[in-house]
Asks: 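Sharing a structure below in structure tokens format, with a few things to ask.
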There are 2 protein chains.
Amino acid sequence: MTGPVVEDYVKVIYAHTEWQAEPITSTALAARLGLAASSVTEMVKKLSTQGLVSHEPYGAIELTRDGTALALRMVRRHRLIETWLVQHFAYSWDEVHDEAEILEHALSDRLLDAIDDELGRPARDPHGDPIPSRDGSIVRPDAVLLADAPAGGRVVRISDRNPALLRELESRGVVLDAIVRPGDLGAEALASIWVATA
Amino acid sequence: MTGPVVEDYVKVIYAHTEWQAEPITSTALAARLGLAASSVTEMVKKLSTQGLVSHEPYGAIELTRDGTALALRMVRRHRLIETWLVQHFAYSWDEVHDEAEILEHALSDRLLDAIDDELGRPARDPHGDPIPSRDGSIVRPDAVLLADAPAGGRVVRISDRNPALLRELESRGVVLDAIVRPGDLGAEALASIWVATA
DNA sequence: GCTAATATTTCGGTGTGCCGAAATTCGCGG
DNA sequence: CCGCGAATTTCGGCACACCGAAATATTAGC
Ligand SMILES: [Mn+2]
Ligand SMILES: [Mn+2]
Ligand SMILES: [Mn+2]
Ligand SMILES: [Mn+2]
């Protein structure tokens, strides 16, 4: 049906609007995928033909209903696999992303669901990202960026983009559900941590 | 280094000589891979350039030392994954092949070794095929095709090529280590089962 | 409003792995 | 040895996903 390439495109498009509002531009999409802008323009045209994204020339890129469904399927796969690597194989939270990036395209639905059951249907992954359910519904916790929460709060989500930062934060006790204040941390951390304000 | 396509070629070339003597021809290789003969000819030429295979035009195809090492690596992956699916996820022996065919290209070495440890370093897969060790050594059990063993013997290996046959055999009690006689079984079974003669 | 910087698309081209058809080589029967 | 059918290779071509350079559209500064 759709291969790994299409799966990665829609996943990145989805991820961009998950914790921020603005839809993604083709330049930003190219940067995140590590591709030339021209490659992305062409691929987005194909995705549009397939009905997965809507895009007028020079405009932003948005997922259609079908595109969102596929993206949620991939997000579920990615996050379940990350969770499984941590829980079952004692990976640390900074080591799981690359492996999940590959396995998300390879496991059968049957195996993925078996893993989901074995884990007890977890609601969030090691970084606090919510895991879509089998039918594609997802509950995004209420949270604000630590940079925008002067009083701090309980850690709800940490971006898994920078493994080095994850290692440093863990060593300083900044893990899911810990209480943090913005004054304790550097600029990159402030822009990577989401907190629930009491 | 090498992608899934190369991995599948060397794996099939290796598998052909594992339980029989003759090296594989390009026509047979094409048939097993489900490809046109012309595609195989061209790919074999590339494998030869990469030093994985030796092949003079119109001759048979044989793995070099490097090619054998890569093939053993893939065979180990395939068989460990099959074993894991059966032991850990209760797949039956006729269901594991297709999933392993994909996962063998996707798991990291780290994850594969973790699975190997979890399984207790199994020596054979669900079909009795020996699993190469981490360093690439493999012990092929002494066995003869049931068709060539008039007195029968203990089942040591059953080809996993035909899932329907596997299901039928299991329902009739023909599993690894069972004692069978050739008279009890049909022609295809006789050509799929290897036995150790007491 | 105009212009210059920037974002985006278009265009010609590449590498990989595949195909069918045509050409070549092999090997067997006589 | 010769010729014929089967195996194998060669050849032109295709789909996919990518690239850099050039063209074009947008936007921001003035
Ligand atoms: Mn991740
Ligand atoms: Mn994550
Ligand atoms: Mn198999
Ligand atoms: Mn097997």
Asks: Tell me whether the guanidinium CZ or amine NZ of B/Arg32 lies under 6.0 angstrom from the six-membered ring centre of B/Tyr9 and within 45° of its axis.
Replies: no

Asks: Between B/Arg76 and B/Asp125, does at least one N-O distance fall below 4.0 Å, as a salt bridge requires?
Replies: no

Asks: If a protein heavy atom is under 4.0 Å from the base, mark B; if only from the sugar-phosphate, S; if neither, -; do that for nucleotides 16-25 of chain D going 5' to 3'.
Replies: -BBBBB--BS

Asks: Take A/His88 and B/His88 through the test ring-ring contact (aromatic ring centres under 6.0 Å, His included) and record every step on the way to the result.
Replies: CA-CA 12 Å; A/His88 195 89; B/His88 195 88; 5.0 Å; yes

Asks: Hey, what do you get for CG (B/Asp135) to CZ (B/Arg73), rounding to the nearest 0.5 Å?
Replies: 13.5 Å

Asks: When you look at B/Arg79 and B/Asp160, which way does the salt bridge (charged side-chain N to carboxylate O under 4.0 Å, His left out) test go after all the steps?
Replies: CA-CA 11 Å; B/Arg79 294 178 183 169; B/Asp160 65 1; over 6 Å; no

Asks: Between residues 24-32 of chain A and DNA chain C, which residues have a heavy-atom gap below 4.0 Å?
Replies: A/Thr25, A/Ser26, A/Thr27

Asks: Please report, to 0.1 Å, the donor-acceptor pairs under 3.5 Å made by any side chain of residues 19-29 of chain B, with sequence neighbours excluded.
Replies:
{"unit_1": "B/Trp19", "atom_1": "NE1", "unit_2": "B/Asp129", "atom_2": "OD1", "d": "3.2"}
{"unit_1": "B/Thr25", "atom_1": "OG1", "unit_2": "B/Ala28", "atom_2": "N", "d": "3.2"}

Asks: Whole angstroms only, please: what is the CD1-P distance between B/Ile61 and D/dT9?
Replies: 7 Å

Asks: Would B/Arg110 count as a cation-pi partner of A/Tyr91, with NZ or CZ less than 6.0 Å from the six-membered ring centre and within 45° of the ring normal?
Replies: yes

Asks: Between P on C/dT8 and CD on A/Glu56, what's the gap in Å once rounded to a whole number?
Replies: 13 Å

Asks: So does A/Glu104 pair up with A/Lys11, basic N to acidic O under 4.0 Å?
Replies: yes

